[in-house]
**Q** 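Before I ask anything, here is the structure I am working with.
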Amino acid sequence: MPRRPFIAGNWKMNTDAASGVELAKAVASQAAASDGVDVLVAPPFPYLHAIKAAVADTPLLVGSQNVWHEPSGAYTGEVSVGMLADVGCSHAILGHSERRVVLGEDDALINKKVHATLAGGLGVILCVGELLEEREAGDTEKVVETQLTGSLAGVTAEQMTAVTIAYEPVWAIGTGKTATPEQAQEVHAFVRGKMADAYGADVADAVRIQYGGSVKPANAAELLGQPDIDGALVGGASLKAETFLPIIDAA
Ligand code: PEP
């Protein structure tokens, strides 16, 4: 069965209450007009509730950019999976490079978050990707494999139906440098191969692998046209309807 394209917008620490709702409504109209494509926005935590309420009657999915793995308690500043479910989130983005690099998250912590998110009934968008020096040292596959193995430890084949993988070469995030379609396809095929080794051919065929790293209207169609690229995780270009909607269109 062909994989359904999945386009997600990671707003990071951007927008405000009014502009976030306005943007989400514009994306929701496009999502409604785009049969056959799953579309998600991941606003900052404080806006999730209002944005979900504003698009509740549309097919637009709303997700978080992170989560904490404990259900409740003395975790100052953190947000649980149950809280995200309570406000209507469908997914959590986990292991984003900004959390790995800036906030020091490692695969062991990300793995706890993956398990908590799946156990709480939400889908996971799991980000993996190499730094520039790792690519230049020829270590891309080793790095991506280590991240996949560590972050997905103990996740079953059945649970993988709720997991999307986002391959995001760190050197291409927010830099304007995009991996070429061939570079991206090569790593996507590698990731799918690892999924086949770990879970078998059916899971590997079904799992969606998004590309992320300076995706924009001008390069989306070519990237999304690669056989193992099933969608995009979009940062900067997801912050404006005029740049995000054409990417949904391309899918
Ligand atoms: C991201 O942060 O996930 C991302 C891919 O950002 P950008 O599209 O801005 O490179």
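Computed from a predicted structure; not experimentally measured. Just so you know, ligand 1 is whichever comes first in the structure, and atom 1 is the first atom listed for that ligand.
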**Q** Is it true that a side-chain atom of Arg99 and a backbone atom of Gln65 form a donor plus acceptor pair closer than 3.5 Å?
**A** no

**Q** Take a 6.0 Å sphere around CD of Glu158 and say whether it holds more than 12 heavy atoms from other residues, nucleotides or ligands.
**A** no

**Q** Only heavy atoms of Ala172, strictly under 4.0 Å: list the atoms of ligand 1 that pass.
**A** 10 (O)

**Q** Of Asp228, Ile229, Thr140, which is the lone residue that meets side-chain contact (heavy atoms from CB on, under 4.5 Å) with Val187?
**A** Thr140

**Q** Could you give the distance from CD1 (Ile7) to OG (Ser238), rounded to the nearest 0.5 Å?
**A** 11.0 Å

**Q** Is it the side chain (CB and beyond), the backbone, both or neither of Asn10 that lies under 4.0 Å from ligand 1, heavy atoms counted?
**A** side chain

**Q** Taking both backbone and side-chain atoms of Gly236, is any N or O found less than 3.5 Å from an N or O belonging to ligand 1?
**A** yes

**Q** Is the closest N or O pair between Thr175 and ligand 1 shorter than 3.5 Å?
**A** no

**Q** May I ask you to identify the nearest protein heavy atom to atom 5 (C) of ligand 1, giving residue, atom name and distance to one decimal place in Å?
**A** Glu168 OE2, 3.1 Å

**Q** Within a radius of less than 6.0 Å around NZ of Lys12, do more than 12 heavy atoms belonging to other residues, nucleotides or ligands occur?
**A** yes

**Q** What do you reckon, does Lys216 put a non-hydrogen atom under 4.0 Å from ligand 1?
**A** no

**Q** Taking ring pair (Phe, Tyr, Trp, His ring centres under 6.0 Å) as the definition, give me every residue that meets it alongside Tyr167, ordered by chain and number, with sequence neighbours left out.
**A** His188

**Q** What protein heavy atom lies closest to atom 4 (C) of ligand 1? Include the residue and the distance to one decimal.
**A** Gly235 N, 3.6 Å

**Q** For atom 10 (O) of ligand 1, which candidate among Gly129, Gly174, Cys127 provides the closest heavy atom?
**A** Gly174

**Q** Using a 4.0 Å cut-off to any heavy atom of His96, which atoms of ligand 1 qualify?
**A** 1 (C), 2 (O), 3 (O)

**Q** Will you find, in the side chains of Trp171 and Glu133, an N or O donor that is under 3.5 Å from an N or O acceptor?
**A** no

**Q** Which atoms from ligand 1 have a heavy atom of Ser214 less than 4.0 Å away?
**A** 7 (P), 8 (O), 10 (O)

**Q** Check ligand 1 against Gly213 and write out every atom of the ligand that is under 4.0 Å from a heavy-atom position of the residue.
**A** 5 (C), 10 (O)

**Q** Counting only heavy atoms from other residues, nucleotides and ligands, does the tally under 6.0 Å from CG of Asp202 exceed 12?
**A** no

